[in-house]
Amino acid sequence: MRIARADQDGGRQRRDRVVREAVRSGLVGPAQLVSGFVDADGIQESVRDLHRAFGDAPVLHTFAAKAASLVPVLRLLARSGMGCEVASPGELAQAVAAGFPPERIVLDSPAKTRAELAHALALGVAVNADNFAEVDRIGELLAVGKTTSVLGLRINPQVGAGAIDAMSTASPNSKFGVPLRDPGARQRVLDTFAERPWLTRLHVHVGSQGCSLELIAEGVRATFELAEEINAAAGRQQVTSLDIGGGLPVNFADDEIRPTYETYVRQLRAAVPGLLSGRYDLVTEFGRSLVAKNGFTAAVVEYTKDTGGRRIALTHAGAHIATRTVFMPDAWPLRIAVYDRDGRPGHAPERVQDVAGPCCFAGDLVARERGLPELAPGDIVVLLDTGGYYFSTPWSYNSLARPAVHGFTTHGPDLRFATVRREQTLAEILAESGVDQADALLFSDFGEADSDASHARLVPTGD
């Protein structure tokens with residue numbers, strides 16, 4: 001089983017070097033209180049692992065854009081041979097800007113608008129319909145215009161939930177897809193394909209974190225069997241491709257990468273023997289498993305204090321970055337590494353501490369009662385395995401700035417950094433909060449008439 005970055009000791013030494021150089025370069029420290037870091041070498045290595053695991057099977061591996069919705073990261077993945085799975089107009093725009101060809105983009109979402117569908121069909125992006133009403137909507141659009149898009153239907157095999165209900169998309173009551181085991185649903189799927197020969201793909205996604213490989217493979221098997229049934233009823237191979245989703249769980253306990261893509265493929269071969277035979281083209285949608293261990297978040301400790309007999313370190317990384325960890329700490333625990341103000345590994349005596357963020361609510365804790373080298377103001381805490389979701393999709397609670405994100409490479413003798421996204425400025429925060437419309441609510445009823453009433457609208461209120 002491969003260990004992150006060759007071996008755990010080597011991985012730690014490499015991270016130590018990156019943190020030390022980031023502090024020396026001012027990428028984190030007194031003037032840059034929190035930053036995300038992306039390992040460009042590691043991402044490319046993970047992509048290579050994925051392609052090696054599937055071998056010669058006909059498969060388009062797509063990256064779930066929501067896991068790292070940063071155009072430079074997406075462009076690196078595009079150049080590394082990946083496609084892109086998107087779930088919103090914003091993510092589609094990011095994928096196009098990153099350079100993914102439309103035929104290597106897949107659009108998934110449970111709430112696609114007519115305009116969003118029309119745009120995707122015009123581009124030639126593959127579309128997985130979430131429900132029968134969306135299939136009808138696509139049919140109406142096809143009646144007035146042609147497309148090169150591959151069109152499919154997402155099914156929910158209802159094989160059950162994993163350990164984290166919120167991350168399980170194949171539970172009996174999931175909001176995603178057509179519930180295959182509901183009364184009459186399977187027959188309606190068969191009828192829908194029979195009536196619409198342009199439907200040529202089935203899509204399934206069982207879940208990610210907290211879902212076992214056995215559960216994921218069971219959902220893929222149900223989808224494979226449904227495709228065989230549709231094709232038998234059609235008397236031809238109408239379903240030519242299967243989008244088997246992605247969502248491998250990530251090991252957040254240590255540096256070891258488990259499960260590996262190779263382990264996953266072995267599970268698929270055992271559960272669905274015909275899947276990789278070439279009978280169907282395949283699509284995958286991996287996200288977190290490609291990037292989580294290829295990124296970390298570094299933040300400055302601002303204060304430490306004792307309260308109720310407990311030491312608390314107040315840092316600049318909290319719920320606005322580690323949202324899932326703060327609100328679901330048992331499901332999403334993060335490892336913490338400690339460095340001094342010069343970026344050297346912390347060697348102070350260990351002490352049980354809470355590591356808190358800057359958000360203005362009591363539960364803003366990224367680690368609780370954790371044994372760590374005793375933290376002091378100016379030290380650096382590093383939240384490990386946060387390359388997926390964390391710093392790339394921050395929460396704007398308390399109007400805290402989106403953190404800067406920097407990529408790095410140690411390929412060759414030199415360590416190099418590149419800015420992926422700069423820190424959000426106060427001016428940008430003000431713009432997003434409507435500063436240009438500051439007088440919008442100063443209607444004449446509350447005092448003197450607004451001198452610039454060009455923005456005013458009269459809205460009928462009835463009797």
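Excluded from the calculations below are hydrogen atoms, water molecules and symmetry mates; all remaining heavy atoms, backbone and side chain alike, are included. Just so we're clear, the structure is a prediction, and the values are computed from it rather than from any experiment.
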- Provide the full list of ring-ring contact (aromatic ring centres under 6.0 Å, His included) pairs with a residue in residues 74-109, sequence neighbours left out, each pair given once.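 Passing the test, one end in residues 74-109: no pairs.
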- Task: For side chain to side chain contact (heavy atoms under 4.5 Å, CB included), just list the numbers for V150 and S241, CA-CA rounded to whole Å, side-chain angles, deciding distance to a tenth of an Å, and then say yes or no.
- Result: CA-CA 9 Å; V150 177; S241 60; 4.3 Å; yes
- Who are the ring-ring contact (aromatic ring centres under 6.0 Å, His included) partners of F296, not counting sequence neighbours?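 F296 satisfies ring-ring contact (aromatic ring centres under 6.0 Å, His included) with F37 once adjacent residues are dropped.
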- Message: Y303: which residues meet the ring-ring contact (aromatic ring centres under 6.0 Å, His included) condition with it, sequence neighbours left out?
- Response: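 So Y303 forms no ring-ring contact (aromatic ring centres under 6.0 Å, His included) with any residue.
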Report the distance from atom [atom1] of [X] to atom [atom2] of [Y], rounding to the nearest 0.5 Å.
{"X": "D243", "Y": "N128", "atom1": "CG", "atom2": "CG", "result": "5.0 Å"}
{"X": "T409", "Y": "L415", "atom1": "OG1", "atom2": "CG", "result": "8.0 Å"}
{"X": "L384", "Y": "L334", "atom1": "CG", "atom2": "CG", "result": "8.0 Å"}
{"X": "D281", "Y": "R201", "atom1": "CG", "atom2": "CZ", "result": "8.0 Å"}
{"X": "R114", "Y": "E134", "atom1": "CZ", "atom2": "CD", "result": "11.0 Å"}
{"X": "L50", "Y": "Y261", "atom1": "CG", "atom2": "OH", "result": "5.5 Å"}

Find out whether [X] and [Y] are in side-chain contact, i.e. whether some heavy atom of one side chain is under 4.5 Å from a heavy atom of the other.
{"X": "V23", "Y": "R341", "result": "no"}
{"X": "D49", "Y": "R52", "result": "yes"}
{"X": "D342", "Y": "I380", "result": "no"}
{"X": "T223", "Y": "I244", "result": "no"}
{"X": "H406", "Y": "S35", "result": "yes"}
{"X": "I216", "Y": "Q267", "result": "no"}
{"X": "I155", "Y": "P157", "result": "yes"}
{"X": "Q32", "Y": "L27", "result": "no"}

- Would you kindly say whether D385 and Y390 are connected by a side-chain donor-acceptor distance under 3.5 Å?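 No.
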- Task: Using only heavy-atom distances, determine whether the side chains of R14 and T410 contain a donor-acceptor pair under 3.5 Å.
- Result: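 Yes, because at least one side-chain N or O of R14 sits under 3.5 Å from a partner of the opposite role on T410.
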- Message: Let's go through E302 and L33 carefully: what are the C-alpha distance in whole Å and the side-chain angles of both, what is the deciding distance for side chain to side chain contact (heavy atoms under 4.5 Å, CB included) to 0.1 Å, and is it a yes or a no?
- Response: CA-CA 9 Å; E302 194 67 40; L33 298 171; 4.3 Å; yes
Just by modelled atom types, is the [Y] backbone N or O under 3.5 Å from a matching donor or acceptor in the [X] side chain?
{"X": "H203", "Y": "G245", "result": "no"}
{"X": "T304", "Y": "A313", "result": "no"}
{"X": "E21", "Y": "R17", "result": "no"}
{"X": "R75", "Y": "A97", "result": "yes"}
{"X": "D340", "Y": "G343", "result": "yes"}

Atom pairs and distances, donor-acceptor, side-chain atoms in residues 54-71, under 3.5 Å, two or more places apart:
unit_1	atom_1	unit_2	atom_2	d
H61	ND1	T284	OG1	2.8
T62	OG1	T284	O	2.5
K66	NZ	E85	OE1	3.4

- Would the number of heavy atoms belonging to other residues, nucleotides or ligands and lying under 6.0 Å from CZ of R79 be above 12?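 Count not over threshold, so no.
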- Item | R416 atom CZ, over 12 foreign heavy atoms within 6.0 Å |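 Counting neighbours around CZ of R416, 12 or fewer heavy atoms of other residues, nucleotides or ligands fall under 6.0 Å, so no.
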Would you please name every residue forming a side-chain contact (heavy atoms from CB on, under 4.5 Å) with [X], sequence neighbours left out?
{"X": "D364", "answer": "A319, V326, P358, C359, F361"}
{"X": "T323", "answer": "F327, W395"}
{"X": "A356", "answer": "I312, L314, L365"}

Please report the closest heavy-atom contact between [X] and [Y], naming both atoms and the distance.
{"X": "T325", "Y": "W332", "value": "OG1-O, 2.7 Å"}
{"X": "L372", "Y": "Q353", "value": "O-NE2, 2.9 Å"}
{"X": "V250", "Y": "S289", "value": "CG2-CA, 3.8 Å"}
{"X": "I321", "Y": "P403", "value": "CD1-CG, 4.0 Å"}
{"X": "N294", "Y": "S46", "value": "ND2-OG, 3.0 Å"}
{"X": "A299", "Y": "V34", "value": "CB-CG2, 3.9 Å"}

- Sole residue of D255, D254, T386 in side chain to side chain donor-acceptor pair (under 3.5 Å) with R335: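 Of D255, D254, T386, side chain to side chain donor-acceptor pair (under 3.5 Å) with R335 is met by D255 alone.
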- Message: Testing R311, R368, R370, R310 one by one against D354 for a side chain to side chain donor-acceptor pair (under 3.5 Å), which residue passes?
- Response: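 That would be R310; it is the only one of R311, R368, R370, R310 passing the side chain to side chain donor-acceptor pair (under 3.5 Å) with D354.
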- Message: As a quick check of understanding, evaluate side chain to side chain contact (heavy atoms under 4.5 Å, CB included) for M82 and H51, giving each step before the final call.
- Response: CA-CA 9 Å; M82 297 291 294; H51 281 90; 4.0 Å; yes
For [X], side-chain hydrogen bond (donor to acceptor under 3.5 Å, both in side chains) partners two or more places apart:
{"X": "H320", "result": "none"}
{"X": "E262", "result": "R266"}
{"X": "E428", "result": "R422, T425"}
{"X": "D414", "result": "none"}

- Pick one: which of L107, L92, L121 meets side-chain contact (heavy atoms from CB on, under 4.5 Å) with E116?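 Among the candidates, only L107 passes.
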- Task: Applying salt bridge (Lys or Arg N to Asp or Glu O under 4.0 Å), name anything that partners R402, two or more places apart in sequence or on another chain.
- Result: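 With sequence neighbours excluded, R402 shows a salt bridge (Lys or Arg N to Asp or Glu O under 4.0 Å) to E432, given in chain and number order.
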- Kindly determine whether V291 and Y389 satisfy side chain to side chain contact (heavy atoms under 4.5 Å, CB included), including the steps that lead there. CA-CA 9 Å; V291 293; Y389 293 95; over 6 Å; no
